[in-house]
Amino acid sequence: MKIRHWLALGLLGGLTGCATTTPPEPRELVYTTSSEETFREAVELMMVQGYVVRHADLSLGRAEASLARWPEYRLQLQVSEEGSNSRVRVSALRGGQPLPPYLLDPWLVDLQYRLGVAP
């Protein structure tokens, strides 16, 4: 009986270890546009790129979207006011694992072009 008990605990412990992931590291950029305009354009960019927006709250400046192809990609967006500018923090997961932040640079550049503030 004790062997079964320890075996079950070991299996549960192993499964718990598999479920934990490190939180994704965000990439940030400040835009010279209002936070509302930036948020709306960022959510629109997600949709244009094929992401399904699961949650979006303008008052919180937060959105989450996923791309329904294998492995699943998820974007997490946070837009906040910074004076008359806006700060965008975006992070991503691929198959439940964090993507390196530098891979989000093209997305931030696309947003910059959509906002009309690209150099």
Side-chain angles (χ1 to χ4, degrees):
M1 206 59 142
K2 284 189 175 191
I3 292 175
R4 282 187 186 170
H5 178 73
W6 288 111
L7 183 59
L9 283 175
L11 273 172
L12 287 174
L15 290 175
T16 302
C18 293
T20 59
T21 60
T22 58
E25 187 179 332
R27 195 63 151 191
E28 293 187 8
L29 194 59
V30 175
Y31 298 97
T32 58
T33 55
S34 71
S35 59
E36 181 176 337
E37 178 186 2
T38 303
F39 182 82
R40 289 182 190 281
E41 286 295 331
V43 170
E44 179 72 23
L45 177 59
M46 289 175 172
M47 292 187 294
V48 165
Q49 292 179 338
Y51 284 86
V52 175
V53 178
R54 293 182 163 176
H55 307 284
D57 189 326
L58 177 61
S59 64
L60 294 175
R62 296 181 56 121
E64 185 175 309
S66 47
L67 191 57
R69 69 174 186 221
W70 189 85
E72 180 187 29
Y73 289 84
R74 276 190 354 203
L75 282 180
Q76 298 169 337
L77 172 73
Q78 175 73 48
V79 178
S80 56
E81 271 187 37
E82 193 161 290
S84 61
N85 299 328
S86 58
R87 176 176 297 276
V88 172
R89 292 173 53 118
V90 64
S91 58
L93 296 166
R94 177 180 51 211
Q97 297 299 315
L99 276 177
Y102 71 88
L103 292 176
L104 297 167
D105 288 348
W107 192 89
L108 290 166
V109 169
D110 285 349
L111 180 58
Q112 196 172 28
Y113 277 102
R114 288 184 67 87
L115 290 167
V117 294

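Predicted model, so just to flag it, every value in this text is computed and none were measured.
- Looking at R40 and E44, no side-chain N of the basic residue comes within less than 4.0 Å of a carboxylate O on the acidic one, giving no salt bridge.
- The same ILVMFWY cluster, assembled from side-chain heavy atoms under 4.5 Å apart, contains both L77 and M47.
- Within the 4.5 Å cutoff, the side chain of Q78 has no heavy atoms near those of the P26 side chain.
- One distance of note links OG of S86 with CD of E81; it measures 9.0 Å at 0.5 Å rounding.
- Using a 4.5 Å heavy-atom threshold, the side chains of E28 and R87 count as touching.
- Looking at residues two or more places apart in sequence or on another chain, you find a side-chain contact (heavy atoms from CB on, under 4.5 Å) between V117 and Y31, T32, T33, Q112, L115.
- Closest approach of F39 and G61 over heavy atoms only: CE1-C, 3.5 Å.
- Under the 4.5 Å side-chain heavy-atom criterion for Ile, Leu, Val, Met, Phe, Trp and Tyr, L93 and Y73 are members of distinct hydrophobic clusters.
- Under the 4.5 Å side-chain heavy-atom criterion for Ile, Leu, Val, Met, Phe, Trp and Tyr, L111 and L29 are members of the same hydrophobic cluster.
- Cluster membership check: W70 does not share its hydrophobic cluster with L99, using side-chain heavy-atom separations under 4.5 Å among Ile, Leu, Val, Met, Phe, Trp and Tyr.
- Nearest heavy-atom pair across A92 and P24 is O-CB, 3.7 Å.
- A continuous path of ILVMFWY side-chain contacts below 4.5 Å connects L108 to L103, so both sit in one hydrophobic cluster.
- Side-chain contact between V43 and L58 is absent, with no heavy atoms from C-beta onward closer than 4.5 Å.
- Residues S66 and R54 meet the side-chain proximity criterion, which asks for heavy atoms closer than 4.5 Å.
- Side-chain contact between W107 and Q49: present, with at least one pair of heavy atoms (C-beta onward) separated by less than 4.5 Å.
- Nearest heavy atom pair, residue L104 against residue V90, reads CD1-O, 3.3 Å.
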